[in-house]
Undergrad: 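Structure below; questions to follow.
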Amino acid sequence: MDELIKKVTTAAGITEEQARKSIETVSAYVKDRLPDTFKDQIDNLVNGGTLTEGMKTKMNSMAGELRDKAEVVMEEVREKTEGIMADVKEKLSGIFTSKKDEEK
């Protein structure tokens, strides 16, 4: 943020404290109008980072969340598939057992 403060003090001819307060006010104004997923990006930019760094961090976080959700869904699918296969096996077994009983 120090770099931005210096730019604002030079460009506007104001004190560092006035520049800091101006930056904080504008930052808060912009963050209030953005979706939550982008609010951290404003802080990253104001503190001298780049949007790319912030987006990379956010995307990595989102990828981790998606991976975790996918693992849960795949486990549910596996459990349901095992249940269906057990039902099918039981029913097929019953059909063949009935046929054998009829032949006797």
Side-chain angles (χ1 to χ4, degrees):
M1 182 186 264
D2 292 335
E3 181 183 348
L4 184 55
I5 290 171
K6 288 177 185 175
K7 287 185 177 198
V8 172
T9 55
T10 302
I14 58 178
T15 67
E16 285 187 17
E17 185 56 36
Q18 290 170 324
R20 179 180 306 280
K21 195 64 171 169
S22 297
I23 293 165
E24 290 171 354
T25 301
V26 170
S27 176
Y29 177 84
V30 171
K31 287 194 289 187
D32 283 345
R33 282 150 182 80
L34 288 173
D36 289 340
T37 55
F38 295 106
K39 290 181 180 183
D40 291 341
Q41 302 311 309
I42 300 303
D43 292 332
N44 190 43
L45 289 170
V46 167
N47 289 311
T50 64
L51 190 58
T52 304
E53 291 169 0
M55 289 303 288
K56 182 178 178 182
T57 300
K58 188 64 177 174
M59 294 304 248
N60 285 338
S61 172
M62 290 171 70
E65 291 172 16
L66 287 173
R67 182 189 62 244
D68 293 344
K69 288 178 183 178
E71 287 175 357
V72 169
V73 169
M74 291 305 294
E75 179 62 21
E76 290 173 359
V77 167
R78 184 190 63 77
E79 289 172 1
K80 287 181 181 181
T81 301
E82 286 177 352
I84 290 169
M85 293 306 293
D87 289 346
V88 168
K89 181 179 177 182
E90 183 180 323
K91 289 178 182 177
L92 287 174
S93 176
I95 291 171
F96 292 118
T97 301
S98 296
K99 296 262 185 202
K100 286 182 183 178
D101 290 342
E102 289 175 10
E103 291 175 359
K104 288 183 183 180

Undergrad: Find the distance between CD (Glu3) and CE (Met1) and round it off to the nearest 0.5 Å.
TA: 12.5 Å
Undergrad: Would a single hydrophobic cluster contain both Ile23 and Leu34, if residues Ile, Leu, Val, Met, Phe, Trp and Tyr are joined by side-chain heavy-atom contacts under 4.5 Å?
TA: yes
Undergrad: Are Val77 and Ile84 linked, directly or through other ILVMFWY residues, by side chains that come within less than 4.5 angstrom of each other?
TA: no
Undergrad: Report, as yes or no, whether the 6.0 Å neighbourhood of atom CD on Gln18 holds more than 12 heavy atoms from other residues, nucleotides or ligands.
TA: yes
Undergrad: Please determine whether residues Leu66 and Met74 belong to a single hydrophobic cluster, defined as Ile, Leu, Val, Met, Phe, Trp and Tyr linked transitively by side-chain heavy-atom distances below 4.5 Å.
TA: no
Undergrad: Got a sec: does the CD of Glu90 have more than 12 other heavy atoms crowding it under 6.0 Å?
TA: no
Undergrad: Using the rule that Ile, Leu, Val, Met, Phe, Trp and Tyr join whenever any side-chain heavy atoms are under 4.5 Å apart, tell me whether Ile42 and Met59 fall into a single cluster.
TA: no
Undergrad: Salt bridge between Lys31 and Asp40, side-chain N to carboxylate O under 4.0 Å?
TA: no
Undergrad: Would you mind telling me which of Asp2, Val8, Thr9, Leu4 makes a side chain to side chain contact (heavy atoms under 4.5 Å, CB included) with Arg20?
TA: Asp2
Undergrad: Is Glu75 salt-bridged to Arg78, cutoff N-O under 4.0 Å?
TA: yes
Undergrad: Between Ser27 and Glu24, do the side chains contain a donor N or O and an acceptor N or O under 3.5 Å apart?
TA: no
Undergrad: Is there any salt bridge (charged side-chain N to carboxylate O under 4.0 Å, His left out) pair reaching into residues 62-72, and which pairs are they, with sequence neighbours excluded?
TA: none
Undergrad: To the nearest 0.5 Å, how far apart are CG in Asn44 and CZ in Phe38?
TA: 13.5 Å
Undergrad: Check whether Met62 and Val73 end up in the same hydrophobic cluster, where Ile, Leu, Val, Met, Phe, Trp and Tyr are linked by side-chain heavy atoms less than 4.5 Å apart.
TA: no
